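Following: one structure in C-alpha cells, then a few remarks.
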Protein chains: 2
Amino acid sequence: MSPRPKVGLDIKEILEAAAELADQFGMQEVTLANLAKKLGIRPPSLYNHFDGLGGLRKKMAIYGIERLYEVIAKAAIGVAGDEAVLTISKAYVNFAREHPGIYESTLMAPDLEDEEVQLAGSKIVELTVRILQAYSLEGDTAIHAVRGLRSILHGFSSLERSGGFKMALDLNESLEIIIKAFIQGIQES
Amino acid sequence: MSPRPKVGLDIKEILEAAAELADQFGMQEVTLANLAKKLGIRPPSLYNHFDGLGGLRKKMAIYGIERLYEVIAKAAIGVAGDEAVLTISKAYVNFAREHPGIYESTLMAPDLEDEEVQLAGSKIVELTVRILQAYSLEGDTAIHAVRGLRSILHGFSSLERSGGFKMALDLNESLEIIIKAFIQGIQES
DNA sequence: TTATTTTAACTAATGATATTAGTTTTATCA
DNA sequence: TGATAAAACTAATATCATTAGTTAAAATAA
C-alpha cells in the first residue's frame with residue numbers, strides 16, 4: 001500500500017522548490033513549467049502531486065502560513081504584554097522581508113476563504129488573541145484589536161515590499177512607534 | 001497631425017472597460033483577449049494604445065490610484081482633526097469595497113516603484129500629511145503616523161477583501177475603533 | 001521468489017495566451 | 001487631391017496549463 005517510483009518526489013520537496021522560486025523571482029514566475037524544470041521532471045508529472053496550478057497555489061499558501069506561524073510562535077516564547085506584541089510584530093515583518101515570495105504566496109490561493117487555508121490562518125489569530133489577553137480588553141474590543149494588529153502588520157509588510165514607503169526614515173522605528181501607539185490607544189477605548 | 005481611425009478608441013475608454021472587467025471578474029480575468037472582446041477589436045490592436053499586458057497593468061494602477069485619490073480628496077472637504085481622519089478612512093475602505101478590481105489593480109503594476117506610479121501615490125500621501133498637521137506631531141512622528149495610517153487602511157481593505165476577518169462582528173465598527181485608537185496613541189508618543 | 005497493484009513518471013496533443021511582423025484602412029492635413 | 005499618421009487588421013510563433021493515455025518502478029501479496 002505504499003510503493004515508490006523512480007524519482008520519488010514528495011510534496012514537501014516540491015513546496016520547498018516552489019518557495020525558492022517564489023522568493024527568488026516572485027510568484028508570477030512560479031509556473032508549472034519552471035517548477036518542473038527545477039525539479040527535473042516534466043510539467044504533467046506535477047499533476048500526480050497536486051491539482052494543477054490552483055492546487056499548487058493553495059498548498060503554497062497553507063505551507064507559507066504555517067511557516068509564518070512557526071516563526072511568530074517561536075518569537076512569542078517567554079515574553080508578555082507590550083514586549084510580546086512588539087516581538088511578534090517584528091518577527092512577522094521580518095518573515096515577510098526574508099521570504100517575500102512565500103509571504104506573497106499566502107495571499108495567492110485561488111480561494112482564500114477555503115477551509116484549509118482559513119484553518120492555517122486561524123492559528124495565528126488565536127496566538128494573537130492569547131497575547132492580547134494580557135490587556136484584559138472589554139467585550140468585543142479584543143476582536144477589534146486583533147483585526148487592527150493584523151491590518152497593521154499585513155499593510156506594513158505589503159507596502160514595504162511594494163516600495164510604498166519612500167521617505168528616508170528607518171522602517172523598524174516606524175513599526176515600533178506604530179505598534180506602540182496602537183496598543184496604547186486600544187487600551188483607552 | 002491628428003488623424004482618426006475607424007473605431008477610434010481612446011485610452012480612457014479602454015481603461016474604463018478594463019476596470020469594469022476587473023471589478024466584475026477580478027484582475028486575473030483582465031487579459032488582452034477578454035479586453036479586446038469587450039471592446040470589439042482584436043488583441044493585437046491593443047498594442048497601439050499601451051505596451052502589452054505590463055503596460056496595461058501600469059496604466060490601470062495609475063488610473064486606480066487617481067480614482068482613489070479623488071474619492072478621498074472629496075471626503076476630506078470641510079472636515080478636520082479626528083473627523084477628517086475617520087472620514088477619509090471610511091472613504092478609502094469603501095472604495096476598496098465598491099471597486100475591488102480597481103483597488104486590486106493599484107497593486108498589480110509590473111513595477112510599483114515606477115516613477116509615474118509613485119507620483120500618483122504621493123498625492124494621497126501628501127493629502128494625509130496635510131490632514132495630520134492638525135495634530136502638530138513632533139519631528140518624524142508625522143511620517144511614522146502616515147505610514148501607520150496607510151498600513152492600517154491598506155491592510156484592513158486587503159484582509160477584508162480576502163475574507164481574512166471571519167468573526168461575526170461589524171467591520172465598520174472595527175475600522176472606527178482601530179483608527180480612533182491609533183490617532184489617540186500616536187499623540188501620546 | 002513471483003505476481004499484482006499502486007504510484008509517479010512519461011509522451012503526445014489541445015486550447016488559450018501574449019506577442020511580433022507586416023498589411024490595410026481611415027481620417028486628417030498640406 | 002494626395003500624403004501622412006493613427007489604429008485597426010491577419011498571420012504566425014512561443015509559452016502556458018491541461019488532458020488523455022502509457023510506461024516503468026517499487027512495494028505488497030501470494
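Just so you know, these numbers use all the heavy atoms, side chains as well, and skip hydrogens, waters and symmetry mates. The structure displayed is predicted, hence computed values, not measured ones. Just so we're on the same page: letters track the sequence lines, and every chain starts at 1.
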Inset, instruction - Give a yes/no answer on whether the side chain of B/R42 brings an N or O atom under 4.0 Å of OP1 or OP2 in D/dT10. - result: yes
Legend entry - Between C/dT17 (C1') and B/L32 (CG): distance, integer Å: 9 Å
Inset, instruction - Tell me which nucleotide among D/dA7, C/dT19, C/dA8 gets nearest to the side chain of A/N48. - result: C/dA8
Inset, instruction - Between D/dT18, C/dA18, C/dA9, spot the one nearest the side chain of A/H49, thanks. - result: C/dA9
Inset, instruction - Give the C-alpha distance, both sets of side-chain angles, the deciding distance and a yes or no for side-chain contact (heavy atoms from CB on, under 4.5 Å) between B/L32 and B/F50. - result: CA-CA 11 Å; B/L32 298 188; B/F50 49 77; 3.9 Å; yes
Legend entry - Out of C/dT19, C/dA9, D/dC16, whichever nucleotide has its closest atom nearest the side chain of A/A33: D/dC16
Legend entry - Options C/dA21, D/dA8, D/dT18, nucleotide nearest the side-chain atoms of B/I41: D/dA8
Legend entry - CD (B/E115) with more than 12 external heavy atoms under 6.0 Å: no
Inset, instruction - Quickly work out the A/L35 CG to D/dA17 C1' distance and round it to whole Å. - result: 13 Å
Inset, instruction - Take atom CZ of B/R57 and atom P of C/dT17, then tell me their distance rounded to the nearest Å. - result: 13 Å
Inset, instruction - May I ask you to check whether over 12 heavy atoms, not counting those of A/D51, lie within 6.0 Å of atom CG? - result: no
Legend entry - Nearest-Å distance for atom pair CG/C1', residues B/D10 and D/dA8: 15 Å
Legend entry - Candidate pair A/K123 and A/E66, rule salt bridge (Lys or Arg N to Asp or Glu O under 4.0 Å), full reasoning: CA-CA 9 Å; A/K123 289 182 69 178; A/E66 285 173 349; over 6 Å; no
Legend entry - Residue A/R97 excluded, over 12 heavy atoms near CZ under 6.0 Å: yes
Inset, instruction - Report the distance from atom NZ of A/K37 to atom C1' of D/dA14, rounded to the nearest whole Å. - result: 12 Å
Inset, instruction - Under 4.0 Å between any heavy atoms, over every strand shown, what does B/S45 touch: base, sugar-phosphate, or nothing? Just pick one. - result: base
Inset, instruction - Provide, to the nearest angstrom, the distance between the CG atom belonging to A/L53 and the P atom belonging to C/dG15. - result: 20 Å
Legend entry - Length of the CG-C1' vector between A/L46 and D/dC16, whole Å: 13 Å
Legend entry - Nucleotide C/dT20, atom C1' - distance to CG of B/D51 in whole Å: 12 Å
Inset, instruction - Report yes if a side-chain nitrogen or oxygen of A/Y47 is closer than 4.0 Å to either non-bridging phosphate oxygen (OP1 or OP2) of D/dT19; otherwise report no. - result: no
